[in-house]
Amino acid sequence: MNGDITLLTLFLLGFFGGGHCVGMCGGLSSAFALQLPPHINRFWLIVLLNAGRVCSYVLIGVLLGLLGQIGISLDQTRWLQNGLFVAANVLLLLLGLYLAGLSSWAVKVESLGKPVWKRLNPLLNRLLPIRSVPACFGVGMLWGWLPCGLVYSASLYALGSGSAGQGGLYMLAFALGTLPNLLAMGWFAAQLKGVLQQKPLRLAAGLLVAAWAVWQLAVFFQAV
């Protein structure tokens with residue numbers, strides 16, 4: 001996998017998945033903001049929530065990259081990395097079609113993470129309502145484990161990287177792509193939701209993500 005292209009892919013996945021982020025996380029972000037106690041500045045709540053979320057994504061990338069590194073060290077062939085690359089782009093294609101409103105297959109993938117979320121949800125409930133600055137960061141970290149097809153697609157890239165450092169870097173690129181939408185959502189949730197959920201914008205963004213996945217698969221199979 002070309003590292004620079006993959007980083008760009010993951011950044012764009014996070015950015016153009018903004019409509020999906022609004023649908024999944026808009027309610028959570030608004031709810032967290034409404035629970036904010038008077039002595040905590042709203043700006044720092046939003047920053048800390050997203051800092052915690054980004055840290056969780058990077059941690060996921062490091063752990064999956066390490067897992068891939070161990071697997072590849074046991075078997076020096078590249079079939080595993082290639083298989084994960086194909087799987088990541090197939091999922092990316094499905095997510096693009098979902099964002100465009102043309103397919104709902106990607107939603108079924110998100111159900112895979114529900115068992116993990118059920119175990120983490122009680123921890124989140126203990127931190128809510130938010131009463132302190134550390135709790136803001138803790139809620140953000142737990143938020144990062146919310147079942148999400150976009151995260152799963154990025155995670156497959158991290159797993160296929162075969163490196164803990166590279167896996168963390170891939171997930172960081174994805175997280176940075178999500179930041180503009182989610183930071184803006186914290187300030188202008190209602191307005192942003194209306195914009196990002198407009199059908200023409202969702203269609204264009206979804207088709208762009210899907211086209212990128214098709215292009216990567218075409219280049220990959222041409223090179224094999």
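Bear in mind that the values here come from a model prediction, so they are computed numbers and not experimental data. For reference, positions follow the sequence shown, starting with 1.
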Scanning both residues in full, the closest heavy-atom pair of C55 with F137 reads SG-CZ, 3.9 Å
Minimum heavy-atom separation for G144 to I60, with atom names?
O-CD1, 4.1 Å
Atom CG of L127 and atom SG of C136: how far apart are they, to the nearest 0.5 Å?
10.0 Å
Tell me, with the steps shown, if L179 and R53 meet side-chain contact (heavy atoms from CB on, under 4.5 Å).
CA-CA 10 Å; L179 272 181; R53 183 177 58 84; 3.7 Å; yes
For a quick test of reading the model, state the closest non-hydrogen atom pair linking S155 to L64 and the distance between them.
CB-CD1, 3.4 Å
Should L169 and L63 be regarded as members of a common hydrophobic cluster, given that ILVMFWY residues are connected when their side-chain heavy atoms come within less than 4.5 Å of each other, either directly or indirectly?
yes
Give the minimum heavy-atom separation between T9 and Y157, together with the two atoms involved.
CG2-OH, 3.8 Å
T178 side-chain N/O to A175 backbone N/O, donor-acceptor pair under 3.5 Å:
yes
Go through the steps to decide whether L59 and M171 satisfy the test side-chain contact (heavy atoms from CB on, under 4.5 Å), and finish with yes or no.
CA-CA 8 Å; L59 176 61; M171 290 302 290; over 6 Å; no
Return the CG to CG distance between N125 and L120, rounded to the nearest 0.5 Å.
11.0 Å
Would V86 and F221 count as a side-chain contact (heavy atoms from CB on, under 4.5 Å) if you check the C-alpha gap in whole Å, the side-chain angles of each, and the deciding distance to 0.1 Å?
CA-CA 9 Å; V86 171; F221 285 114; 4.1 Å; yes
Do you reckon M141 sits in the same ILVMFWY cluster as L172, going by side-chain contacts under 4.5 Å, direct or chained?
no
In Å, rounded to the nearest 0.5 Å, how long is the span from CH2 of W143 to CG of L49?
6.0 Å
L207/L102 under side-chain contact (heavy atoms from CB on, under 4.5 Å): CA gap, chis, key distance, verdict
CA-CA 9 Å; L207 290 179; L102 302 176; 3.9 Å; yes
Measure across W145 and S56 and return the closest heavy-atom pair with its distance rounded to 0.1 Å.
NE1-OG, 3.5 Å
Are L12 and L7 in one and the same hydrophobic cluster, where Ile, Leu, Val, Met, Phe, Trp and Tyr link if side-chain heavy atoms are under 4.5 Å apart?
yes
Is there a path of hydrophobic side-chain contacts, each under 4.5 Å between heavy atoms of I, L, V, M, F, W or Y residues, that connects F15 with L13?
yes
Classify the ring geometry between Y57 and F174 as parallel (under 30°), tilted (30 to 60°) or perpendicular (over 60°).
tilted
G65 and S161 have their tightest heavy-atom pair at CA-OG, 4.1 Å
